[in-house]
Amino acid sequence: MLEGIHSDARLASWLVQGHALFLFLHLLGVICFAYIVSQRLVPLLRAERDPRFDRPLARLGKVFKFWLGQWKHPRYKTAGTVHLLIFAGFILLAMRAFTVLIVGVSPNFVMPGLSGEAGHVYEVATDYAATVVFLCMVFAIVRRTVFKPARYEVPAKFGKAHKADAIFLLSLIAILMVADSLFEAAKAAAQTPPGHVAFAAVLSLPWLLKVSLVSVSLPTLGGLCFAGYLVHEIVFYFLLCYRPFGIQFHVETSLFNVYFSKLDRGTLKPVKWGVSDEHLDRVKSFGVKTFEDFTWKHMLDFYSCADCGRCSDNCPANAVGRPLSPRFITIKARDYAFQHNPMFGRWKNGTPLIGSIYSDDEIWSCTTCGACEEECPLLVEYIDKIVDLRRGMVDEGLVPQSMQKPLKALNSRGNPYGKMEKKKADWANATDFQQICQVKTLDKKNGADTLYFVDSITSFDDRMQSIGRATAKILDHVGENFGILGAAEKDSGHDVRRFGEETLFMALRDHNTDAIKASGVTRIVTADPHAYNALKHDYKDVPPVEHISQVIAREVKSGKIEFRPVDDGAAVYTYHDPCYLGRHNQVYDDPRDVLDAIPGLKRVEMTRSRDRSFCCGGGGLMLFYEPKEEQRIGVKRVQMAAEAGANVIVTACPFCMVNIEDAIKVAGFEGKMTAIDLTELVDQQIARESTAVTKEAAEVPQEYVTGR
Ligand code: SF4
Ligand code: SF4
């Protein structure tokens, strides 16, 4: 098409009769949209505060990567490609849509910069963009109605599907593209001598329409042009005003949602922004109990969800039939917000969310693994919301029965098992172990550079003590001047915090912070990713912390750690990424580099690995909670390892070890598959000079490997 809309005098005569109507529709559309959006903003303005106006450059970077670059979409190849095409089409068509709208009341309008050749090139590009968007809409409708990917289905327990709404909106966009193309085609046909089909955008939707219009009379073309314009305008404004009532509101909100998204992984929002820990006792109500207790950003999340189902598709709790599907945490809250904030009338508030739209089991079912957040293309957050809902339940005394004993023990003894503090270092003080590796307990007389923070499970669980011993031996082997806090160390409180018990967490954190400071260490190492995440993100003013896998990887590179070849040629290893080491802290390569440095070790990747790793089933306090489920999460995980062809699962977290070893038995893989911690494997494979040490080194983990 070589004649632009601006250059056609005939166009002015066709549209002139509709000027008053077009102007009225413009004004009506803009006023309605402004009113609807202002009403949608009402809950956000009343919501809890959330300071997200810092670090504008980092936020802009996220906009470029995740909004403009659509970074996460290709993770789902088909849906991702379609969305990329639609998004690119919309971006290209945005200026054309506005130009067309203005042309209705000012036929000679030309968008600045789009006169002459630039305008012609842009028109060709937008003709193709309209065609691509139209085809994508048809594809999306067919996909939702015929092929129906499982992740779009809505189980009855979560409510009703919004499929009709989605199809209605997709159809409207398709109609918008046809109307726009008809307007262009009728105009172009009128500019071409009869019998000619000269038109730059060959095979585009406007081109195809124009081909069918070559013999149509000028008055009819005028009527079609007028009709195309009117339908375009009506559908455009209808879509604009209808979108804030459903899943397509994300078209308007996604840019803001991405800009204001969380910048720091692994962190948790405080109980109340702007209230320091010292003043928390003045807070009357903890956590989220009613909708208004959410922060404005969390409400914006609810508005921004595209209902694509990717979060739930990756959620381990959802995969095993627990009563949790993150998608519906959002959808139910959005439906609630729309119902309670009507367009006309007053905001009805104050209904407790637990018992109305959420169940307590639903909220306790989350393992805080972060898979949902990692997958969401719109960066919708879940963990902060779920923890806030838990804080609200804890504040109301709605704590599951099975959790009460460990919480009481944490309060009185500083560990969930209720063990005596003085027994905390028993694993290190055993005489036979002391003969091989002397572990200092730090006090005023015994100082060290490095603190090995052991945490409760490794200190008290008989099986996990092997991880403690292996870690100590590795630190000893590389010549680290290290020690432990022993009885002075309490639980890191990581999972207590994620359970919603903020006050108890603060007591544990403050105790440990004082003990760490008193020890005079300059760095901390831990083999427990939960402790690692807590010390790194939840604690303040403590020395820098590393996970043992990072230390080992560095010392392998430095040459301080050398490995002997694996003995068992039939062993096929796979690495399971612990959520709080991988997704929450991005430590993916170090453990793999260590494994790949062991001569003869055969390693395979599970399909779900690295940032798509599948949680083991819930570390921390979830060990004390039995949610309703059809299958254990850990069982699914070991099945994934078997599918990958592995018979040894290596992990780097004591909680993963508990769940995976248990799952191996439940899944019927006992004798065929084993689990081993990275520290145990490294300790076993280190090439030591002393045969006595080598023999002992091999002793601890060997029992787990030879069971295969
Ligand atoms: S954090 Fe994990 S368990 Fe919780 S909702 Fe998200 S994916 Fe599901
Ligand atoms: S929260 Fe994100 S991933 Fe989940 S359905 Fe909504 S847009 Fe999709």
Side-chain angles (χ1 to χ4, degrees), residues 66-67 70-73 75-76 79-80 83 87 149 151-154 158-159 161-163 166 246-251 253-254 257-258 261-262 265-266 268 297-335 358 361-390 495 498-500 533 577-580 582-584 608 611-620 622 625 627 629 633-634 636-637 659:
F66 295 107
W67 186 80
Q70 300 275 290
W71 189 259
K72 297 212 174 176
H73 276 281
R75 290 165 76 98
Y76 279 73
H83 196 276
F87 181 80
R151 71 173 195 280
Y152 293 144
E153 291 306 314
V154 180
F158 294 124
H162 290 68
K163 188 168 138 187
I247 63 167
Q248 285 230 352
F249 199 15
H250 76 274
V251 175
T253 60
S254 57
N257 208 52
V258 170
S261 62
K262 193 172 187 168
R265 284 173 180 271
L268 208 57
K297 173 58 176 62
H298 289 167
M299 293 184 188
L300 187 63
D301 275 350
F302 297 143
Y303 288 172
S304 304
C305 169
D307 202 12
C308 68
R310 295 175 184 213
C311 49
S312 297
D313 200 29
N314 284 273
C315 171
N318 185 48
V320 297
R322 288 188 186 186
L324 167 68
S325 167
R327 171 187 173 201
F328 291 98
I329 294 285
T330 293
I331 302 294
K332 288 191 281 185
R334 181 166 62 201
D335 288 350
Y358 302 136
D361 265 357
E362 184 176 7
I363 302 306
W364 293 127
S365 287
C366 173
T367 67
T368 70
C369 71
C372 49
E373 299 188 357
E374 190 69 44
E375 206 63 45
C376 179
L378 296 160
L379 310 189
V380 168
E381 293 156 22
Y382 280 103
I383 295 173
D384 279 348
K385 289 184 197 122
I386 285 173
V387 170
D388 254 348
L389 283 158
R390 289 175 174 180
D495 303 293
R498 276 136 194 94
F499 181 76
N533 194 65
D577 293 273
C579 305
Y580 277 98
R583 252 189 312 263
H584 289 292
R608 292 202 50 179
D611 65 356
R612 260 195 173 158
S613 179
F614 190 82
C615 179
C616 67
M622 287 301 108
Y625 179 65
E629 56 190 8
I633 292 177
K636 252 198 169 343
R637 189 52 168 163
N659 285 303

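Ligands are counted one by one from 1 in listed order, and the atoms in each one are counted from 1 as well. Since we're looking at a predicted model, the values are computed, not measured. Values below: all heavy atoms of this structure, side chains included; hydrogens, waters and symmetry mates excluded.
Nearest non-hydrogen protein atom to atom 8 (Fe) of ligand 2 is Cys308 SG, 2.3 Å. Of the protein's non-hydrogen atoms, Ala306 N, 3.3 Å is the one closest to atom 7 (S) of ligand 2. At the shortest separation from atom 3 (S) of ligand 2 among protein heavy atoms lies Cys311 N, 3.3 Å.
In this structure, Lys332 forms no cation-pi arrangement with Phe328, as its terminal cationic atom is not both closer than 6.0 Å to the ring centre and no more than 45° off the ring axis.
The existence of a salt bridge linking Asp313 and Arg327 is excluded, since no basic side-chain nitrogen approaches an acidic carboxylate oxygen closer than 4.0 Å. Remark: Arg151 does not engage Asp307 in a salt bridge, criterion side-chain N to carboxylate O under 4.0 Å. In this structure, Glu373 does not pair ionically with Arg583, as no charged nitrogen and carboxylate oxygen lie closer than 4.0 Å. Using a 4.0 Å cut-off between charged nitrogen and carboxylate oxygen, Glu374 and Arg612 do not count as a salt-bridge pair.
Atom 8 (Fe) of ligand 2 does not have Cys376 among its coordinating residues (no N/O/S atom, backbone or side chain, under 2.8 Å).
Of the possible polar contacts, one joining the Asn314 side chain to the Arg310 backbone as a donor-acceptor pair under 3.5 Å is found.
Residues Lys72 and Phe66 approach most closely at CE-CE2, 3.5 Å, considering heavy atoms.
In this structure, a donor-acceptor pair under 3.5 Å is present between the side chains of Tyr625 and Asp361. Using modelled atom types and a 3.5 Å distance limit, the side chains of Tyr382 and Thr330 yield a donor-acceptor pair.
Interface of Val380 with ligand 2, defined as ligand atoms under 4.0 Å from a residue heavy atom, comprises 1 (S). Counting the atoms of ligand 2 from 1 in the order shown, those under 4.0 Å from a heavy atom of Cys305 are 1 (S), 5 (S), 6 (Fe), 7 (S). Every atom of ligand 2 is numbered from 1 in the order shown, and the set under 4.0 Å from a heavy atom of Asp307 is 5 (S), 6 (Fe). Atoms of ligand 2 lying under 4.0 Å from at least one heavy atom of Gly309, given by number and element, are 5 (S), 8 (Fe).
For atom 4 (Fe) of ligand 1, the nearby protein N/O/S atoms, meaning those under 2.8 Å, are Cys366 SG.
For the pairing with Asp384, the side-chain hydrogen bond (donor to acceptor under 3.5 Å, both in side chains) check across Lys262, His298, Lys297 returns one residue only, Lys262.
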